[in-house]
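Notes follow the structure.
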There are 2 protein chains.
Amino acid sequence: MTAMTPARTAPDLSYLLDHTSHVLRTRMSAELAEIGLTARMHCVLVHALEEERTQAQLAELGDMDKTTMVVTVDALEKAGLAERQPSSQDRRARIIAVTEEGARIASRSQEIVDGIHRRALTTLPDGDREALLRALNHLVDGHLATPAESPRPTRRARQREQ
Amino acid sequence: MTAMTPARTAPDLSYLLDHTSHVLRTRMSAELAEIGLTARMHCVLVHALEEERTQAQLAELGDMDKTTMVVTVDALEKAGLAERQPSSQDRRARIIAVTEEGARIASRSQEIVDGIHRRALTTLPDGDREALLRALNHLVDGHLATPAESPRPTRRARQREQ
DNA sequence: TATTGTTATACTCTATAACTATA
DNA sequence: TATAGTTATAGAGTATAACAATA
């Protein structure tokens with residue numbers, strides 16, 4: 001399912017944000033899939049291109065778990081878009097080096113992402129577009145900066161092998 | 001994980017929408033959990049209160065699968081907030097009747113949801129708030145109305161029992 | 001002792017299939 | 001034949017635990 005559609009008393013900001021972000025996400029997935037990427041692969045490629053970064057740093061930037069990072073880097077290596085290289089600073093760490101092909105793909109994926117955003121934004125009147133971005137940035141930096149801590153039904157410890 | 005943080009060329013509308021909707025969702029979950037509801041239970045309660053509706057109609061309204069609806073109604077019944085009643089029109093269908101307790105809880109949950117939306121919106125300057133809502137509605141009704149069809153890796157048919 | 005990256009795996013979520021009873 | 005609701009379960013996604021190498 002995609003989003004709730006509750007009856008409304010105050011303007012249903014949740015519905016508006018859920019719906020728009022969901023639709024954008026499906027477009028990103030669909031268009032990035034055409035060049036063999038997921039959103040996460042795109043995210044890692046772009047950040048790895050900016051400067052030398054380890055898996056842990058890239059995971060932090062993309063807000064991914066380190067185990068999710070492993071499968072993402074596996075996919076990038078398998079596609080020939082990046083390679084794990086030993087760090088000279090820390091022999092535990094791996095630098096993610098983007099290949100030439102990876103850099104080409106990254107510039108195409110960035111165009112795709114920018115295009116999706118631009119096409120959506122240009123359908124809005126100039127004033128509303130600017131106000132929308134200003135308002136969203138305001139919320140992200142302020143009242144909606146941090147998630148409520150999830151009342152996660154703390155997962156039970158795994159059964160020990162014996 | 002919560003959201004991507006890709007490098008930016010065009011304004012990163014996806015990040016802004018993902019982040020804000022995610023934070024709102026965590027608040028809703030957390031605050032609704034305090035009165036024993038999930039977002040879906042709230043959604044069903046509210047729509048079931050508006051008029052006599054069957055599970056299928058409520059599933060349609062909340063954009064849920066009918067199987068997801070089953071577990072949601074199970075939870076509502078178990079909590080004593082709603083009951084399945086046979087429809088007089090169609091003996092296959094079940095009307096979801098909200099109990100008195102369910103109606104009380106629904107009005108509290110609607111207050112919770114409205115409060116979360118209002119508190120977020122009131123942090124914005126009047127003009128930006130109106131433009132934000134106008135812009136999001138514009139996108140929902142227009143350019144971002146419908147999701148790209150997911151290149152769903154069509155699930156294989158289940159193995160027949162023999 | 002703590003951290004990086006890895007593997008293995010457990011949990012949640014949601015959708016598919018198959019079924020029963022109606023229509 | 002098609003639809004409402006149910007059950008069982010498959011599959012995707014992702015997080016937890018434990019581990020090896022290194023700090």
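Every chain is numbered from 1 and lettered A, B, ... according to where its sequence line falls, protein lines coming before strand lines.
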With a 3.5 Å distance limit and no angle check, can you tell me whether B:His47 reaches the backbone of B:Cys43 through a side-chain donor-acceptor pair?
yes
Within this structure, what is the CD-to-P distance between A:Gln57 and C:dT3, rounded to whole angstrom?
15 Å
Taking the minimum atom-to-atom distance to the side chain of A:Arg92, which one of D:dG5, D:dT16, C:dT4 wins?
C:dT4
Tell me if a side-chain donor or acceptor on A:Ser29 pairs with a main-chain N or O of A:Thr26 at a distance below 3.5 Å.
no
Specify the separation, in whole Å, of atom CG of A:Asp74 and atom C1' of C:dT6.
9 Å
Whole angstrom is fine here: how far is it from CZ in A:Arg84 over to P in C:dT7?
8 Å
Roughly, in whole Å, what's the span from CD in B:Glu60 to P in D:dT3?
14 Å
Specify the separation, in whole Å, of atom CE of A:Met69 and atom C1' of C:dT4.
12 Å
I need the single residue from A:Arg84, A:Glu60, A:Lys66 that forms a side-chain hydrogen bond (donor to acceptor under 3.5 Å, both in side chains) with A:Gln55. Which is it?
A:Arg84
Determine, for A:Glu111 against A:Arg108, whether the closest basic-nitrogen to carboxylate-oxygen distance falls under 4.0 angstrom.
no
OP1 or OP2 of C:dA23 sitting under 4.0 Å from any side-chain N/O of B:Arg91?
yes
Nucleotide of C:dT7, D:dG5, D:dA8 approaching B:Thr67 most closely (side-chain heavy atoms):
D:dA8
Does A:Ser87 reach a base, just sugar-phosphate, or nothing at all? Heavy atoms under 4.0 Å.
nothing
Between B:Arg94 and A:Asp90, which has a closest nucleotide on DNA chain D that is more 5'?
B:Arg94
Under 4.0 Å between a Lys/Arg side-chain N and an Asp/Glu carboxylate O for A:Arg94 and A:Glu77?
no
To the nearest Å, give me how far apart CG (B:Asp65) and C1' (D:dT9) are.
14 Å
For C:dT6, does OP1 or OP2 lie under 4.0 Å from any side-chain N or O of A:Gln55?
yes
Atom CD of B:Gln89 and atom P of D:dT3 are separated, to the nearest Å, by 19 Å
Integer-rounded Å distance: D:dT16 C1' and A:Met64 CE:
19 Å
